[in-house]
K.L.:
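This is the structure I want to talk about, given as structure tokens.
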There are 2 protein chains.
Amino acid sequence: MAESAKAQETSVRILDAAELLFIEHGFDGTSMRMITQSAGVNIAAVNYYFGSKDGLYRSVFERRTEPFARLTIANIDELERNNATPDVHAVVQAFIKSALQLGTDPALGGLVFVKLLARAYVEPHPILKESMPRRYGEVVRRYAGALGRALPHLTETEVHWRFHFLTSAMFSAFAGNNVLRLFMEHPVTNARDPQLVARNLMPFLVAGLTAPSAN
Amino acid sequence: MAESAKAQETSVRILDAAELLFIEHGFDGTSMRMITQSAGVNIAAVNYYFGSKDGLYRSVFERRTEPFARLTIANIDELERNNATPDVHAVVQAFIKSALQLGTDPALGGLVFVKLLARAYVEPHPILKESMPRRYGEVVRRYAGALGRALPHLTETEVHWRFHFLTSAMFSAFAGNNVLRLFMEHPVTNARDPQLVARNLMPFLVAGLTAPSAN
DNA sequence: TATAGTTTCAAACATACGTTTGAATAAAAC
DNA sequence: GTTTTATTCAAACGTATGTTTGAAACTATA
């Protein structure tokens, strides 16, 4: 079988290099030669290990998807085990805790994967549309469900709206995609320390979610 | 001079086609042949009217940038004329009003431009980095300033954080970039009627912004 | 040490890219 | 009506793309 130490190292080097380049330049903006050069491997190595550029893209996500999903589910499992009907603060805390663990632990990809997700958000490659719902559908259902139970004054549709706002703000914040960064020459807030992001994000989200219904 | 009816029509057809394709496939994912084919013009027309693909990209933004900036500034001008120190609700309302006018008026680009901005957000082409701050720097300063005056219990840094969260949620919402859409096979909330977006967004944002300080 | 399997590599593959050309056509100016 | 200018067009430009090839180098098993 394959899986010699050296071989594994090569495919991992490719994944690492590709992940960073996909964030910076997107899928179409990243060429095979950029990837292999950055990884320090021969250009044929990508097709040898991953079959194609599309296959590499799939593998880049697959490496991160499962651990992050598991983490997120574990956090809401723990929350609901200790608290039958958790309040908004607790649900948001559990959700943010996942992003925080992800952003802090390099073994999970660190902030790199958050950025990749943020990009996939507006740049939906067909490959994602086919694989993301399968693994993250459950995550969304669990958190949106818990949020709904914590916000009985809102309709299901309203809960989904707010979950949408919540995730948008959260992803942008952790990924560091800041309107100030793009629109101003000297942004004041461009810190990206996950702990700092989380502390500033919490009160905003909790208050926003708890707001009275619009209807 | 140029500007014959036919010539203008050609360059406008190119801008329209390119704008849509850039949203769907990004800059690198959109080829000259895709653009000219979709616009129904010869492939050489882009270079004839815009010099290069980069030049076209610049022109696509330039067409929308100025009207939107003017609209946004006009709204805060009006707000501050009628109200020396507006409260949070009024500031957010003025800001959302701009997005709403933009999203509703096809002459301004409609939701198309919002989506383009949302994409530019995570896919920063060098051309944008050079042109956006020049025109939108003032917009950000004005609104962030007004927000700061309406939220005296927050530090300047905190105000910037919340402005970041506010814009992230708003742009995603109006652009329709929904986590539910990407992560679930049957999203509940994928409505994109600007009026509906605005009504759901308002209470969330106002409450989030008004939340007590994190420190 | 010989053999089988795995991984690397330089080179070439066909195709798509953005751009340029120069002639043909249309419009405007005189 | 002729000359100038502006626009369109098919074809080709050189370069970059993702992928494949087949031999070389390496690793493991016997």
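As the structure is a prediction and not an experimental result, all values here were calculated from the model. First the proteins, then the strands, lettered A, B, ... as listed; each starts at 1.
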K.L.:
To the nearest angstrom, how far is B/Tyr48 atom OH from D/dT5 atom P?
P.N.:
13 Å

K.L.:
Starting at atom OH of A/Tyr57, determine the distance to atom P of D/dT19, rounded to an integer number of angstrom.
P.N.:
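Rounding to the nearest Å, OH of A/Tyr57 and P of D/dT19 are 15 Å apart.
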
K.L.:
Using a strict threshold of under 4.0 Å (side-chain N to carboxylate O), is an ion pair present between B/Asp193 and B/Arg199?
P.N.:
no

K.L.:
Of all residues at least two apart in sequence or in a different chain, which pass the ring-ring contact (aromatic ring centres under 6.0 Å, His included) check with A/Tyr57?
P.N.:
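Listed in chain order: A/Phe22, A/Phe27, A/Phe61, A/His125.
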
K.L.:
Write out all pairs satisfying salt bridge (charged side-chain N to carboxylate O under 4.0 Å, His left out) with one or both partners inside residues 112-133 of chain A, taking only residues at least two apart or from two chains.
P.N.:
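For residues 112-133 of chain A, and leaving out neighbouring residues, the salt bridge (charged side-chain N to carboxylate O under 4.0 Å, His left out) pairs sorted by first residue read A/Arg58-A/Glu130, A/Arg119-A/Glu123, A/Arg119-B/Glu123, A/Glu123-B/Arg119.
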
K.L.:
In B/S/- notation, 5' to 3', how is nucleotides 11-18 of chain D contacted by protein heavy atoms closer than 4.0 Å?
P.N.:
-B----BB

K.L.:
Which residues satisfy the ring-ring contact (aromatic ring centres under 6.0 Å, His included) test with A/Phe165, sequence neighbours excluded?
P.N.:
A/Trp161, B/Phe204

K.L.:
Can you find a side chain N or O atom of B/Thr10 that sits less than 4.0 Å from OP1 or OP2 on D/dT8?
P.N.:
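Checking B/Thr10 against D/dT8: at least one side-chain N or O falls below 4.0 Å of OP1 or OP2.
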
K.L.:
Strictly by salt bridge (charged side-chain N to carboxylate O under 4.0 Å, His left out), give each pair with a member in residues 101-112 of chain B just once, sequence neighbours left out.
P.N.:
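Qualifying pairs, neighbours excluded: none.
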
K.L.:
Tell me the interatomic distance from A/Glu9, atom CD, to C/dT8, atom C1', rounded to whole angstroms.
P.N.:
14 Å

K.L.:
Under the rule for ring-ring contact (aromatic ring centres under 6.0 Å, His included), what residues qualify as partners of A/Phe174, not counting sequence neighbours?
P.N.:
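With neighbours one apart ignored, the set is empty.
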
K.L.:
Does B/Tyr49 put a side-chain nitrogen or oxygen below 4.0 Å from OP1 or OP2 of D/dA6?
P.N.:
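Negative; the distance criterion is not met.
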
